[in-house]
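Chain letters run A, B, ... following the sequence lines, proteins first and then strands; every chain starts at 1.
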Number of protein chains: 2
Amino acid sequence: MYLCVMKQYSLSEENYLKTIFHLEQIADGNVSTNDIAEKMETKASSVSDMIRKLGEKNLVDYIKYQGVTLTDRGRKTALRVIRKHRLWEVFLVEKLDFQWDEVHEIAEELEHIESEELISRLDAYLGHPEFDPHGDPIPDANLRIAKIEKRLLSELRIHQRGICVGVHESDNDFLQYLDKRQIGIGTKVFVEDIETFDGSMTILVDDNRYFISKKIAENIYVQIT
Amino acid sequence: MYLCVMKQYSLSEENYLKTIFHLEQIADGNVSTNDIAEKMETKASSVSDMIRKLGEKNLVDYIKYQGVTLTDRGRKTALRVIRKHRLWEVFLVEKLDFQWDEVHEIAEELEHIESEELISRLDAYLGHPEFDPHGDPIPDANLRIAKIEKRLLSELRIHQRGICVGVHESDNDFLQYLDKRQIGIGTKVFVEDIETFDGSMTILVDDNRYFISKKIAENIYVQIT
DNA sequence: TTTGAAGTTTAGGTTACTCTAAAAAAATAT
DNA sequence: ATATTTTTTTAGAGTAACCTAAACTTCAAA
């Protein structure tokens with residue numbers, strides 16, 4: 001019996017699949033060429049080329065001018081990469097003491113290391129974590145991914161309480177902004193006041209009172225408590 | 001003050017430098033195109049192309065038809081890659097419980113991950129190891145590499161004792177051969193007899209007597225005790 | 001329903017790396 | 001010293017990924 005595990009997909013292909021996966025989560029329908037190009041900081045023509053190729057390999061369903069959707073195979077491949085990315089992030093933070101705003105770029109590289117065995121051992125070594133340092137769920141070995149009841153902090157009403165469970169865009173500057181205020185995954189927040197004019201909020205975190213813009217509130221996920 | 005750490009060299013360039021470094025260790029003079037081609041399992045013409053390019057980038061000194069030597073810059077780059085490779089091997093064996101014959105291929109990929117910070121933290125996490133699982137010395141942060149008094153087991157004379165400190169070629173089959181006989185780094189061996197005809201040896205390891213061919217003995221490094 | 005703008009694809013070119021085949025240089029044997 | 005073999009380089013071409021510019025669809029406003 002032969003179990004040939006060879007290089008399946010190129011670095012570039014994996015990155016496209018990952019991006020398409022993320023865009024599918026937001027825009028419910030087909031993902032457009034332009035959206036992919038923007039997210040990947042490349043040109044639409046390059047994207048066109050690549051999705052044709054991904055189509056031929058049965059990783060996406062693609063009709064010209066109509067955008068793409070991942071096939072089952074494509075989605076699984078994307079999830080495998082995302083699993084690796086998030087596990088490495090946990091490793092970097094938990095074992096190597098990186099800050100949560102320092103790990104994304106490194107994990108972008110590590111996520112393309114091939115070995116299945118490596119990932120399964122890493123997963124065990126980390127104690128099968130369910131969430132990465134930004135609160136995003138980690139697909140398990142069967143690529144099943146937890147869905148949690150979360151909503152944006154900006155959706156909370158006055159005097160509601162919540163626990164911070166994640167961030168929307170993990171931009172480094174934003175993560176540092178949170179760090180400075182000691183806001184992280186698990187932090188309890190209380191909405192003291194909401195400015196109806198611009199949607200900005202006054203929140204209580206531990207014994208501190210912070211004034212945050214709507215844009216900030218739209219970037220933090222909470223679970224209502 | 002700006003410290004711009006950008007992608008210095010391509011995966012392919014790094015692999016060439018590493019190979020040239022290893023070949024320089026063996027053949028004392030210039031390294032030939034053909035030797036590089038053979039070691040890298042590629043064609044001499046590809047090598048010619050690449051060393052011209054490495055020459056232009058001041059990573060090797062290259063005179064046509066005369067082979068190459070690494071420049072200081074080239075050697076440092078090679079050592080940086082080797083440092084990463086060996087540290088990752090330690091990680092895989094010590095933390096993820098891989099066997100010493102399972103780590104080479106994975107480390108071949110991991111060695112190209114960029115971040116200096118990552119390596120410095122990994123190094124600290126592993127306790128600044130001096131040797132990798134095969135007994136090869138790990139260059140330190142300043143790229144200094146330990147030299148140890150080692151010689152091939154085949155060079156020992158009858159009735160001499162030694163401690164196994166490394167292997168010459170870490171071929172997987174060979175490593176498994178050693179595993180089966182419980183021979184590893186630190187194992188004490190005693191040369192009971194040498195067959196003058198073919199150089200094969202009878203050795204004592206713990207309470208076991210093994211008969212090994214000259215080829216095997218030429219692949220094991222020992223320190224005489 | 002046309003028409004212009006926006007979005008998408010195609011055509012053709014660039015770069016990095018690889019290859020085969022042929023030419024050139026160096027080493028070796030006669 | 002010349003001929004033959006080996007080694008090395010060059011020439012020319014292929015592939016993957018990217019780009020610009022031009023052509024083609026689609027969509028939406030007039």
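Side-chain N/O atoms of A:N34 include one lying less than 4.0 angstrom from OP1 or OP2 on C:dT8. Between A:Y9 and D:dA16 there is no side-chain polar atom (N or O) within less than 4.0 angstrom of OP1 or OP2. Distances shorter than 4.0 Å separate some side-chain N or O of A:S12 from OP1 or OP2 on D:dC18.
Applying the side-chain hydrogen bond (donor to acceptor under 3.5 Å, both in side chains) test to B:E117 and every residue at least two apart in sequence or in another chain returns B:R121. Remark: B:E102 engages no residue in a side-chain hydrogen bond (donor to acceptor under 3.5 Å, both in side chains) (not counting sequence neighbours). A:R52 is linked by a salt bridge (charged side-chain N to carboxylate O under 4.0 Å, His left out) to A:E56, counting only residues two or more places apart in sequence or in another chain. Contacts of A:N142 classified as side-chain hydrogen bond (donor to acceptor under 3.5 Å, both in side chains), with partners at least two apart in sequence or in another chain: none. Qualifying side-chain hydrogen bond (donor to acceptor under 3.5 Å, both in side chains) partners for B:K57, counting only residues two or more places apart in sequence or in other chains: B:E13.
Across the interface with DNA chain D, nearest-nucleotide mapping of A:D49 and B:I51 shows B:I51 to be the residue nearer the 5′ end. Both A:Y16 and B:S48 lie near DNA chain D, and the one whose nearest nucleotide falls closer to the 5' end is B:S48.
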Output a table of donor-acceptor pairs, distance under 3.5 Å, between side-chain atoms of residues 91-101 of chain B and any protein atom two or more places apart or on a different chain; print 'none' if there are none.
unit_1: B:W100; atom_1: NE1; unit_2: B:D179; atom_2: OD1; d: 2.9
unit_1: B:W100; atom_1: NE1; unit_2: B:D179; atom_2: OD2; d: 3.2
unit_1: B:D101; atom_1: OD2; unit_2: B:Q176; atom_2: NE2; d: 2.6

In a table with atom names and distances, give each donor-acceptor pair under 3.5 Å that connects a side chain of residues 61-70 of chain A to protein atoms at least two apart or in another chain.
none

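Summarising the geometry, the separation between CD on B:Q8 and P on C:dA16 is reported as 16 Å, rounded to the nearest angstrom. In this structure, the CD atom of A:E14 is 16 Å from the P atom of D:dA16, given to the nearest Å. Distance, A:L54 CG to C:dT9 P: 13 Å, rounded to whole Å. In this structure, B:I63 places its CD1 atom 11 Å from P of C:dA26, rounding to the nearest Å. Protein atom CE of B:M50 is 16 Å distant from nucleotide atom P of D:dT10, rounded to whole Å.
Within residues 35-46 of chain B, the residues having any heavy atom under 4.0 Å from DNA chain C are, by residue number, B:T42, B:K43, B:S45, B:S46.
Side-chain N/O atoms of B:H104 and B:N172 include no donor and acceptor closer than 3.5 Å. Residues B:D132 and B:H85 bring no donor and acceptor atom of their side chains to less than 3.5 Å of each other.
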(request) Using a 4.0 Å cut-off on protein heavy atoms (strictly under), produce a 5'-to-3' string for nucleotides 22-28 of chain D with B for base contact, S for backbone-only sugar-phosphate contact, and - for none. (result) --BSS--
